[in-house]
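Per chain, numbering begins at 1; letters A, B, ... match sequence-line order.
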2 protein chains.
Amino acid sequence: MKEGRHVTIKMVADKAGVSKSTVSRAIGNYPDISDKTKEKIFSVMKELNYYPSAIARSLANRISKNVGLVLPADDDFFLNPFFQESLRIISKTASSRGYDVLIAYNGDNETRSVERLVKANKVDGVIMMRSVVQDPTIEYLRDSNFPFVLIGKSIDYSSVHSVDTDNVDACKTLTKKLIDSGCKKIAFIGGDKNSVVTIDRFNGYVKTIEENGMKLNKDLIQENEFSSMNGYRSIEKILKNDSSIDGIVITDALIFSGVMDYINNHKSYETGESSIKIKVIGTFGTGNFQQNPDIEIINVDVDSKILGEKSCNTLIDLLEGKDVEMTQIVDYKISNIN
Amino acid sequence: MKEGRHVTIKMVADKAGVSKSTVSRAIGNYPDISDKTKEKIFSVMKELNYYPSAIARSLANRISKNVGLVLPADDDFFLNPFFQESLRIISKTASSRGYDVLIAYNGDNETRSVERLVKANKVDGVIMMRSVVQDPTIEYLRDSNFPFVLIGKSIDYSSVHSVDTDNVDACKTLTKKLIDSGCKKIAFIGGDKNSVVTIDRFNGYVKTIEENGMKLNKDLIQENEFSSMNGYRSIEKILKNDSSIDGIVITDALIFSGVMDYINNHKSYETGESSIKIKVIGTFGTGNFQQNPDIEIINVDVDSKILGEKSCNTLIDLLEGKDVEMTQIVDYKISNIN
DNA sequence: CTGAAAGCGCTTACAG
DNA sequence: CTGAAAGCGCTTACAG
């Protein structure tokens, strides 16, 4: 299938009249080589269209120049703009530093896919996107002392390299904004309640509600999964419990989109009237620019690009033996959308 | 960083009292091994927690057990649900057949990222998602005789393995449905006009319009990029040219979402009235379930899962020397959404 | 049914 | 500044 014959370092060496060692050193850009032979070698490499085999190199060096990207197994995750932006930037960053990205999944309570990659030496390190409480993959990686960095926070383990937004603080600030805007009854709709992100944001919400002398009401709180369907159903339930809410805090772009769908669909098209009294929605990411002139939208932008870029650079720094901080916090931005 | 010492085939052999060859054969599940030694070897492997090095294996076999997934470089692509679903299923399929997925990009007129993967022997074959006219990556892959399969159609080259929906036919059927629903003036909003998908769908639209004695009107046609912003702006432009259109054909979920945003935002919230007279929208994927009681939505479902799965299986079949068809067409489904 | 040996294509002490 | 040799961890004819 492939070209008849792969050109190897030996062929380059022969043609250039030097040894394999010398060619290897030329490629590796070692200092102690005469410019003359170096030039000769490079010209032969070009002529022969030579490319070192990454595989052979890996075996000799015991490094693969691959990083594994571990994705959550739930389908919804892939619909999240956060994932998309991160994947792209991680891939770019890795590539700029000479690494490639290999995909792996983090199934429910199963680490096999990651374990296979690690044990088979297919990756040098791993980036994990989103973790749950007592994440088995984290436990496995930590126990086998394998280099990895987590996008997000590890609740259970302290000695984990991580890049995260301060989600508790972000959600406190966000909730406070709703209160400052005059909201008296603020609902909360979150994703998977085992997800660390959801937990942090929920805590921020709770603290702010309590600190401001409002009472926490279970009927106004929904936590399910990271999907627009969840948003749609959650807001429906909440409104059934109490139609007088005037604000909502939402933890995720997909959920937000489901909530907006619900609201837009439940306005009378005849009269333009709506029984929905929501004045302000605070959310983490909107996904697209759905609007509604009656509702103020406050968005927390967690900067998935910086998170992705930092996680990747941190991992590679780690692999290259550089000093890295254990925990890095990336700023968030809050802004009004309409 | 890693565990003190990696366990190798040699250590297993020694402990089991056999040679490396025999261990290798046991792993490879060769027939000619006595059950006794096989058992012995497996128990030692378990005991030592041995895992063969994929790297060493690759070097010996000259295969990497990796497939490259080549993604378009434009950011918008990543927001497309089609991409997300495909990535997931491709990854699953590859994994079930013992392969891993490596990400690569197909930059504007540049094949470097793919070329590097191929030349460095990091992948055995490549899956390309979406191609443009005279795609340089396709040319490179074909010229170097490297195994690959294209999701989509190759306009320029016939001897390319591909898995595709019949987009011309699908868009003909779709457009005809709008006509049957009574539409008299049907606009068209498409993505990048160099993209083969867009071209095919546009052709389907054009043919149907002409076959039904309607006249093609440039003012009603917009082709730009695969983004919701494009949808928003395109519908705005078209309506400015002619506010009497009563149907639209849209080639992409993101574009659709932008169009719906526009329509929902340009209805008077006071009176519920709208100057927009669109009765039916035909689209390829909706992304989410945005609705509008005034508008009938007809969706073509291109089944990205089957496309992803087939492309991956075809590639691996190819790598394993099985017979595969050059072109495979996957059925689409048309259904009314509301 | 099993082992010794050569080979996959690199890198890297070691010696000069 | 350069080369010969050993090694990375496997596989696979070849011989028995």
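Rounded to whole angstrom, the span from the NZ atom of B/Lys10 across to the P atom of C/dG3 amounts to 12 Å. Between the NZ atom of A/Lys119 and the C1' atom of D/dG9 there is a distance of 17 Å, given to the nearest Å. C/dC1 atom P lies 8 Å from atom CG of B/Asp35, rounded to whole Å. Straight-line distance from the CG atom of B/Asn121 to the P atom of D/dC10: 19 Å, rounded to whole Å. Protein atom CZ of A/Arg57 is 19 Å distant from nucleotide atom P of C/dC8, rounded to whole Å. Distance CG (B/Asn29) to P (D/dT11): 13 Å, rounded to an integer number of Å. The distance from atom CD1 of A/Ile55 to atom P of D/dG7 is 23 Å, rounded to the nearest whole Å. Note: CD1 (A/Ile27) to P (C/dG9) measures 14 Å, nearest angstrom.
A salt bridge between B/Asp100 and B/Lys65 is absent, with no side-chain N of the basic residue lying under 4.0 Å from a carboxylate O of the acidic one. Between A/Lys15 and A/Glu47, at least one side-chain nitrogen of the basic residue sits less than 4.0 Å from a carboxylate oxygen of the acidic one, meeting the salt-bridge criterion.
A donor-acceptor contact closer than 3.5 angstrom is absent between the side chains of B/Asn121 and B/Arg62. Of the N and O atoms on the side chains of A/Gln328 and A/Ser162, not one donor lies less than 3.5 Å from an acceptor on the other residue. The closest side-chain donor-acceptor pair between A/Ser24 and A/Ser21, if any, does not fall under 3.5 angstrom.
As judged by a 4.0 angstrom heavy-atom cut-off over every strand, A/Ser24 is placed among the base-contacting residues. Across all strands, A/Ser58 comes closer than 4.0 Å to no nucleic acid atom at all (heavy-atom distances).
Residues A/Asp124 and A/Glu320 form no side-chain contact, since every pair of their non-hydrogen atoms from C-beta on lies 4.5 Å or further apart. Counting heavy atoms from C-beta on, the side chains of A/Val118 and A/Leu141 come closer than 4.5 Å.
A sub-4.0 Å separation between OP1 or OP2 of C/dT11 and a side-chain N or O of A/Tyr30 is absent. Contact between the side-chain N/O atoms of A/Ser19 and the OP1/OP2 oxygens of D/dG3 is found at a separation under 4.0 Å. Side-chain N/O atoms of B/Tyr51 include none lying less than 4.0 angstrom from OP1 or OP2 on D/dC10. Residue B/Ser53 places none of its side-chain N or O atoms closer than 4.0 Å to OP1 or OP2 of D/dC10. Dashed line: the shortest gap from a side-chain N or O of A/Thr22 to OP1 or OP2 of D/dC1 is not under 4.0 Å.
Residue B/Leu59 is the one, among B/Leu59 and A/Ala60, whose nearest nucleotide of DNA chain C lies closer to the 5' end (criterion: closest heavy atom). Looking at which nucleotide of DNA chain D each of B/Thr8 and A/Ile33 is closest to, the 5′-most match is held by A/Ile33. Mapping B/Asn61 and A/Lys20 onto DNA chain D by nearest heavy atom places A/Lys20 at the nucleotide closer to the 5' end.
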> Could you walk me through whether A/Lys310 and A/Asp317 pass the salt bridge (Lys or Arg N to Asp or Glu O under 4.0 Å) check?
Replying inline: CA-CA 10 Å; A/Lys310 282 213 177 183; A/Asp317 284 347; over 6 Å; no
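Which of C/dC10, D/dC10, D/dC1 sits closest to the side chain of B/Ile9 comes down to D/dC10.
Cation-pi geometry between B/Arg88 and B/Phe83 is not satisfied (NZ or CZ under 6.0 Å from the ring centre, within 45° of the ring normal).
No donor-acceptor pair closer than 3.5 Å links the side chain of A/Ser64 to the backbone N or O of A/Ser58.
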>> Could you spell out the base pairing of DNA chain D as a dot-bracket line? Use Watson-Crick and G-U wobble contacts where both distances are under 3.5 Å, [ ] for crossing pairs, | for partners on a different strand.
In response: |||.||||||||.|||
Please write out the pairs of protein N or O atoms and N or O atoms of nucleotides 13-16 of chain C separated by less than 3.5 Å, giving the distance to one decimal.
{"residue": "C/dA13", "atom": "N6", "partner": "A/Arg25", "partner atom": "NH1", "Å": "3.3"}

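For D/dT12 and D/dG16, the C1' atoms lie 16 Å apart once the distance is rounded to whole Å.
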